[in-house]
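Both counts, for ligands and for their atoms, begin at 1 and track the order of listing.
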Amino acid sequence: MESAKPCIALIAHDLKKDDMADFARQRQTALSKFRIVATGTTGGRVQEAAPGLDVTRLKSGPLGGDQQIGAMIATGEVSMLVFFIDPLSALPHDVDVKALTRLATVYDIPMALNRATAEHLIDFQ
Ligand SMILES: O=C(CO)COP(=O)(O)O
């Protein structure tokens with residue numbers, strides 16, 4: 001049977017992955033109220049950091065994972081986005097990152113692009 005829990009997407013760029021792992025560990029109880037989808041590498045880090053969480057790993061971001069999550073936002077499957085972006089590095093898939101944050105805006109879902117905002121969002125669930 002399909003879980004009734006809402007679905008949150010977790011993504012972090014490489015230099016933000018330690019931060020995401022720490023966030024998942026610290027906020028494990030709050031995150032356990034969600035089904036989690038994550039891009040491939042981020043999802044692996046989250047599973048290691050907080051093994052009790054319900055995490056589905058999609059493709060890695062540069063290989064289409066951001067686009068998969070964008071599609072899930074468009075179909076209403078993902079209702080919140082936590083995306084720790086790296087604003088100081090050039091990324092080959094920058095257009096995918098932009099498309100994802102655009103869709104989160106189009107569909108008006110809560111979106112945190114840094115840890116401080118993510119903590120507020122999760123703590124107010
Ligand atoms: O690049 C990403 C998001 O744009 C993240 O992908 P990974 O979690 O697979 O590293």
**Request:** List the closest protein heavy-atom neighbour of atom 9 (O) of ligand 1: residue, atom name, distance to the nearest 0.1 Å.
**Result:** Ser60 OG, 2.6 Å
**Complete:** CD1 of Ile85 to CD1 of Ile11, rounded to nearest 0.5 Å, is 11.0 Å
**Closest to atom 8 (O) of ligand 1 (judged by heavy-atom distance), picking from Asp14, Thr42, Val97, Leu10** = Thr42
**Request:** Could you check atom 10 (O) of ligand 1 against the protein and tell me its nearest heavy-atom contact, residue, atom and distance included?
**Result:** Lys17 NZ, 2.7 Å
**Residue part near ligand 1, for Ala38, under 4.0 Å between non-hydrogen atoms** = neither
**Message:** Tell me whether Thr117 contacts the main-chain N or O of Leu113 through its side chain, where contact means a donor paired with an acceptor under 3.5 Å.
**Reply:** no
**Contact with ligand 1 for Gly43, non-hydrogen, under 4.0 angstrom** = no
**Message:** So, taking the atom named CE in Met111 and the one named OG1 in Thr105, what distance separates them when rounded to the nearest 0.5 Å?
**Reply:** 3.5 Å
**Request:** Using a strict cut-off of 4.0 Å, indicate which atoms of ligand 1 neighbour a heavy atom of Ile11.
**Result:** 3 (C), 5 (C)
**Request:** Find all atoms of ligand 1 within a distance of less than 4.0 Å from any non-hydrogen atom belonging to His13, and give their numbers and elements.
**Result:** 1 (O), 2 (C), 3 (C), 4 (O)
**Prompt:** Can you list the atoms of ligand 1 that are under 4.0 Å from a heavy atom of Phe83?
**Reply:** 3 (C), 4 (O)
**Message:** Evaluate Thr39 for polar contact with ligand 1, using N/O atom pairs at a separation under 3.5 Å.
**Reply:** yes
**Request:** Give, for atom CD1 of Ile109 and atom CE of Met72, the distance between the pair rounded to the nearest 0.5 Å.
**Result:** 11.0 Å
**Message:** To check you understand the geometry: which heavy-atom pair defines the closest contact between Leu121 and Pro110, and what is its length?
**Reply:** CD2-CB, 3.8 Å
**Message:** Heavy atoms only, cut-off 4.0 Å: how does His93 contact ligand 1, side chain, backbone, both, or neither?
**Reply:** side chain
**Prompt:** Short list, please: which atoms of ligand 1 are under 4.0 Å from a heavy atom of Pro62?
**Reply:** 1 (O)
**Message:** Starting from Leu58, can I reach Tyr107 by hopping between I/L/V/M/F/W/Y residues whose side chains sit under 4.5 Å apart?
**Reply:** yes
**Message:** Please tell me whether Arg27 and Gln125 have a donor and an acceptor in their side chains that are separated by less than 3.5 angstrom.
**Reply:** no
**Request:** Could you tell me which atoms of ligand 1, counted from 1 in the order shown, lie closer than 4.0 angstrom to a heavy atom of Thr41?
**Result:** 7 (P), 8 (O), 9 (O), 10 (O)
**Asked** Taking 4.0 angstrom as the limit, do Asp14 and Lys17 come out as a salt bridge?
**Response** yes
**Request:** Distance to 0.1 Å, residue and atom name: give those for the protein heavy atom nearest to atom 6 (O) of ligand 1.
**Result:** Gly61 N, 3.0 Å
**Prompt:** Short list, please: which atoms of ligand 1 are under 4.0 Å from a heavy atom of Asp66?
**Reply:** 3 (C), 4 (O)
**Asked** Closer than 4.0 angstrom: is that true for some heavy atom of Gly65 and an atom of ligand 1?
**Response** no
**Item:** Over all atoms of both residues, closest heavy-atom pair of Ala104 and Leu81
**Value:** CB-CD2, 4.0 Å
**Message:** If the threshold is 4.0 Å, N to carboxylate O, is there a salt bridge linking Asp22 and Arg115?
**Reply:** yes
**Prompt:** Looking at Ala12, which atoms of ligand 1 are within less than 4.0 Å of one of its heavy atoms?
**Reply:** 5 (C)
